[in-house]
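Working notes, beginning with the structure itself.
Note: hydrogens, waters and symmetry copies are ignored here, and every other heavy atom, side chains too, is used.
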Amino acid sequence: MNGRSETPATTALQEANCVDYSTRHSRKGYFINRKSAALMAVVYIISLVVTGLLVFYCVPQSNCTTPQTEDGAPVPVNRSHHVTSIQPKIRSSNRLPNHIIPTHYRIQLVPFILEDNFTTAGEVWIDLECLEAANNVTLNINDIEVYEDAVQVTQLLQKGNLTIQVVDHLYNDVAQTYSVILGQKLIPGESYQLYIKFLGQINDLLQGFYRSSYIDPDTGQKRWLASTQFSPTDARRAFPCFDEPAFKAHFTVSLARPANMTSLSNMPINHTEPMSEIPGWMWDHYDETVPMSTYLVAFIISDLHSLDATMENLATKNNFRFTVWSRKFALPQTSYAAKIGPRILHYLETYFDIPFPLPKQDMVALPDFGFSAMENWGLITFRESALLYDETMSTEINKERVAEIVSHELAHQWFGNLVTPLWWNDLWLKEGFATFIGYQGLHHVEPTWRNKDQFIRDHLQEVFMLDALESSHPISVPVEHTDQIREIFDRVSYSKGASVIRMMNYFLGEDTFKRGLTKYLEVHKYNNARQDDLWQQLTFQAHQDGSLPSYMTVKEIMDTWTLQTGYPVVTVIRNYENHTANISQERFLLSYKDPEIMSKVTWWVPLTFTTQERPDFNATRPRLWLENVQTTMVDELPGDSSWVLFNIHETGFYRVNYDHTNWRLLTESFQNLSDVTRAQLLDDALNLALSGQLSYQIALDLTSQLITDVEYLPWSAALTALDHLDTMLALTPAYGNFKKIVLGLLDKVYTNLEFEDRPQDSHLDLLNRAKVLSWACRLDHHLCVWNAKNKYHQWMFQEMGPVASGVKETEKISPNQKEVVYCTAIKHGGADVWNFAWKKYLSSNVGSDREHLLEALGCTREPWLLNRYLSWITSNTSGIRKQDGPRVFVAVANNVVGHSLAFNFLRDNWDVIQNYYGVAFSSISRMVSAIATYMNTPLQLSQLEKLRDENADQLGTTTQSFQQAIEIVHANVEWMKNSYEAVNEWLEIYSKFHFQ
């Protein structure tokens, strides 16, 4: 395809949208009769005399005046009816037909951001190119009212334009489409323009064009703003459009606003002029965009403030601007993002060898935001905790999160924006790459953090658990319905996608990998691509560089990783007499299955290994491959006194199991291995034992070696893997021994790190302390609990009484102690302790601190407090923002006391929760996943299945989460039946030997 084409190539677009319109046209839709249409036209003529829709002669507590016409009359509001409504979703295809494509949108919006009148008066002119003859123009709308009498379709001719008669209007709520039916067929190769005037909603769903608010701390006044979240399928809520990624076009946006507010969009403002229809309002007219998909369009109307972060050496444009925005009172918290953002963007220009194509980049912290962030081209939006960092209040983990997310979103400006997946089945092609490349940018600005090593724990090992489920899905997965699209915004698309990309980077070599990426981006820029397009460029580069043998292709290798569900466990069985090993692969599953079932699936597995006799942990290029076969042999290995270790630095996306002798040799040498390798062995061993493929004696013997370990990576891997044992044993007689043993293992690292931060602490020390203290206090380590409670109570007393001169709140509890101090004190305290934390949450100006407090409030052991807390997550007036409701629910569900309360709340309030949170952002899916945590009995399994079955017709985007939660609980039930006694026995023997 032509990389500079303003619209997708016809053949690619048609393949991406292979829908028979005649079939779609016959579906039952939503029809408006002629009388209703006439009534709408009358209302439309009256209401649009001034192009706006506003009611109220006076709006309380608002700095902006009520919009009026030039003669002083208030602008009326039209609320006659809505085209779409909430209905049970049918999980069938709702793709657009492909007989016509957009090339340019001119969008004009008048958003009214006033209480009881959150509407948008809009107009859109869409230039179209006809590919196939048809008598309709069909595009997406959702929660938009079309003024039908104003709709026009015009054929664009060199000698004057020709109006095409509009004979009907068809709506399909399920498909979220609107069809303009024409009196004659469109002619292939001809150009047309569609004009629509409409009424839109500024909703409270955090999707589409939505409203947000905050309280001005000076005046106590609620300040409103409006922003957008269009990905994946919600641009259609803001303006009628062809809302699929393949329909790239140019956009020219005009936004109306009160003079005391500011607007932002993807491009710089071209010019501003007074709005003649409404005194005191302004029009902001923006430059035309480069070709882009609808989900990347964005605009904001607000009174946010900005910090200029422009770097002189960024890009090739002298007038390039980099700006960070937030609430006025949070603006100092933008400094860190402003410092690293331009540096990362400049690094990525160098990494890809392609300049950033836009003349500006804005990053905006919003009070309400569903995702962590969104990569809108030139206007990246974030929730506050993902962009703002206050060194006196935010933790080191928060700082790392800000840097990671900023880098991730900036990487999207190339992977996702410049080159966009043709359809959502290749979501991973942008999210996996943004995750992997984002870590490269993060390493550039914070090289001492060892983020490339942390990637293994944060992404590769993290997604291993999810992808070990039979109900997981391939990285590249067929999706047609909007619910299915939303479901795949998960760790498989992000973390597994990034992990197999990392594997590619290693087996191709970084130089070949980067050159191939640059070629791919150059060939397809401003256009769409499939994963096969990437494989083609990487294969060409690899053969040119000699990085792959001529008989191997990247497609042949990577299709086994992207088109198949799951990943392999590679088993190494050594023959110590003849110094060989048999290498085999089979799919790794959480619940071990018969090998005859699993052996049907194989992968191209790059094998790296080293030995105790000649250790070389830098040999990360594959020494041989399992070439999509089950077994192979390795020879010239050492004897029975030396270990071998496969998958060096876990560069391959697979687990490794060994014969018992090799496990024993690795255990004996554990302390002599690197921290990355120790983390790898712990994660593999404990999860192999969990699945029944390794005895718990071997796995726990290896884990006991941590008694002398003080480093972050091994402890992080081990404690994450031990979470499963902690939840399975929590209500069993074995838990006492488990607590005692884990506390014993933690003793040295706890003593080494101490409770307080130290000036010499490294980044990993700070992360390690936070995790170690969290576990120590959770398991009731006496000194840890005392320190946490004491610090919290001192804070309370100082807040409630006179504060010593010169003592600031930020000096009372170190930011890195907050999570453990808050949770531990609330866990061991009463209502007074809980209420104090709640008040601090309501008054906090720091997003990350508010999140820590919300999570800690779920630590109480008072059931009535937990039930009240849960009830607040479905209330707009409780103080809990909709974006944070799932965080509260998960905090309660992760509490052994609150787990059953959370399940009951979800079961008893399913309809309320669905209506409140809607289908976006996996909010309810996160709740469903959380309730599986402590479930391990047949009764609990049946209760979960009953909850699913009772709501089978309205699962929507939670369908996959229910499947996975039920599979996890089933595996937990099997674990209790098959593994509990073995673990209990090991714990008893270890306790007797070490503690008696």
Side-chain angles (χ1 to χ4, degrees), residues 400 404 435-436 439-440 442-443 446-465 495-496 498-507 510 567 569-570 572 605-612 614-623 643-658 662-663 665-688 699 702-703 705-722 745 749 752-753 762-769 771-772:
E400 184 178 288
E404 180 184 350
T435 302
F436 174 75
Y439 265 72
Q440 314 308 304
L442 179 54
H443 176 73
E446 299 289 1
T448 64
W449 286 5
R450 295 185 61 191
N451 290 102
K452 291 185 178 181
D453 291 333
Q454 286 199 68
F455 178 95
I456 299 170
R457 169 81 285 292
D458 295 343
H459 292 283
L460 188 147
Q461 293 174 358
E462 184 68 22
V463 75
F464 266 165
M465 180 61 75
S495 296
K496 183 180 180 181
S499 297
V500 299
I501 291 165
R502 173 177 175 266
M503 179 173 67
M504 257 198 313
N505 180 68
Y506 277 107
F507 74 66
E510 188 166 17
Y567 61 93
V569 53
V570 170
V572 180
V605 183
L607 297 174
T608 60
F609 63 92
T610 188
T611 68
Q612 187 171 359
R614 287 182 287 181
D616 182 0
F617 288 92
N618 295 317
T620 53
R621 294 291 296 275
R623 294 173 63 169
W643 49 257
V644 298
L645 184 132
F646 276 69
N647 201 13
I648 297 172
H649 288 310
E650 222 158 347
T651 51
F653 192 73
Y654 56 92
R655 295 195 182 279
V656 184
N657 199 359
Y658 303 96
N662 199 70
W663 273 117
L665 293 168
L666 288 167
T667 301
E668 291 171 355
S669 299
F670 184 79
Q671 295 300 335
N672 298 322
L673 300 171
S674 71
D675 57 349
V676 174
T677 302
R678 300 201 303 278
Q680 173 185 351
L681 291 172
L682 288 162
D683 183 67
D684 276 351
L686 286 167
N687 283 283
L688 286 164
L702 181 72
T703 306
Q705 299 298 309
L706 284 168
I707 197 166
T708 59
D709 209 314
V710 297
E711 295 192 75
Y712 170 69
L713 293 176
W715 270 110
S716 179
L719 292 175
T720 301
L722 287 171
L745 297 178
V749 66
N752 182 73
L753 291 169
S762 68
H763 178 71
L764 292 188
D765 287 336
L766 294 170
L767 301 188
N768 201 17
R769 181 179 293 108
K771 186 170 283 287
V772 167

Practice task
Tell me yes or no: between the side chains of E400 and H763, is some donor less than 3.5 Å from an acceptor?
Solution key: yes
Exercise for the section: State whether the side chain of N768 and the backbone N or O of V710 hold a donor-acceptor pair below 3.5 Å, judged by distance alone. Expected result: yes
Handout entry: Where S495 and V463 come nearest, the two heavy atoms and their spacing
Key = CB-CB, 3.8 Å
Completion exercise
Residues L702 and F670: closest non-hydrogen pair is CD1-CD1, 3.6 Å
Handout entry: Minimum side-chain heavy-atom gap Q461-T720 below 4.5 Å
Key = no
Problem - Main-chain N/O of V676 paired with D453 side-chain donor or acceptor, under 3.5 Å - result: no
Problem - Sidechain-backbone polar pair: S669 side chain, N672 backbone, donor-acceptor under 3.5 Å - result: no
Exercise for the section: Before accepting this row, confirm whether a basic side-chain N of the pair R450/D675 lies closer than 4.0 Å to the acidic partner's carboxylate O. Expected result: yes
Handout entry: Which atom of L706 lies closest to which atom of P714, heavy atoms considered
Key = CD2-CB, 4.1 Å
Problem - Flag side-chain contact, heavy atom, 4.5 Å: R678 against E711 - result: yes
Practice task
Report yes if the side chains of N647 and V570 come closer than 4.5 Å at any heavy-atom pair, otherwise no.
Solution key: no
Problem - Pairwise distance CG(N657) to CG(D684) - rounded to 0.5 angstrom - result: 8.5 Å
Handout entry: T610 and its side chain to side chain contact (heavy atoms under 4.5 Å, CB included) partner, picked from I648, N618, V644
Key = I648
Exercise for the section: To the nearest 0.5 angstrom, please state how far the OH atom of Y439 sits from the CD atom of Q454. Expected result: 6.5 Å
Fill in the blank from the handout: Separation between CH2 (W715) and CZ (R457), nearest 0.5 Å, reads 14.0 Å
Practice task
Could you tell me whether a side-chain N or O of R621 sits under 3.5 Å from a main-chain N or O of F507, the two making a donor and an acceptor?
Solution key: yes
Practice task
Look only at the side chain of N687 and the backbone of D683, and say whether a donor-acceptor pair between them is shorter than 3.5 Å.
Solution key: yes
Practice task
Check each of L767, L766, V772 against R769 using the side chain to side chain contact (heavy atoms under 4.5 Å, CB included) test, and report the only one that passes.
Solution key: L766
Fill in the blank from the handout: Residues at least two apart in sequence or cross-chain that pass ring-ring contact (aromatic ring centres under 6.0 Å, His included) with Y658, listed by chain then number, are W663
Practice task
Report yes if some heavy atom in the side chain of R502 is under 4.5 Å from a heavy atom in the side chain of T651; otherwise report no.
Solution key: yes
Practice task
Dump the intermediate steps for side chain to side chain contact (heavy atoms under 4.5 Å, CB included) on E650 and L460, then the final yes or no.
Solution key: CA-CA 9 Å; E650 222 158 347; L460 188 147; 3.4 Å; yes
Completion exercise
When every non-hydrogen atom of A699 is compared with those of A685, the smallest separation belongs to CB-O, 3.5 Å
Handout entry: Spatial distance of atom CD (Q680) from atom CG (L682) [nearest 0.5 Å]
Key = 10.0 Å
Handout entry: Non-hydrogen atoms of A679 and L713 that approach each other most closely
Key = CB-O, 3.4 Å
Problem - Exercise: do Q671 and T708 side chains pair donor with acceptor under 3.5 Å - result: yes
Exercise for the section: Considering non-hydrogen atoms only, spot the tightest contact between L686 and A718 and give its length. Expected result: CD1-O, 4.2 Å
Exercise for the section: Give, for atom CG of L666 and atom CG of L645, the distance between the pair rounded to the nearest 0.5 Å. Expected result: 6.0 Å
Completion exercise
For Y567, the side-chain hydrogen bond (donor to acceptor under 3.5 Å, both in side chains) test, sequence neighbours excluded, returns R655
Practice task
Determine, using ring centers only, whether H649 and Y506 are less than 6.0 Å apart.
Solution key: no
Completion exercise
Rounding to 0.5 Å, atoms CZ (F436) and NE2 (H459) come to a distance of 11.5 Å
Fill in the blank from the handout: With sequence neighbours left out, the residues meeting ring-ring contact (aromatic ring centres under 6.0 Å, His included) with F646 are F609
Practice task
May I ask you to test the V572-N662 pair for a side-chain heavy-atom distance under 4.5 Å?
Solution key: no
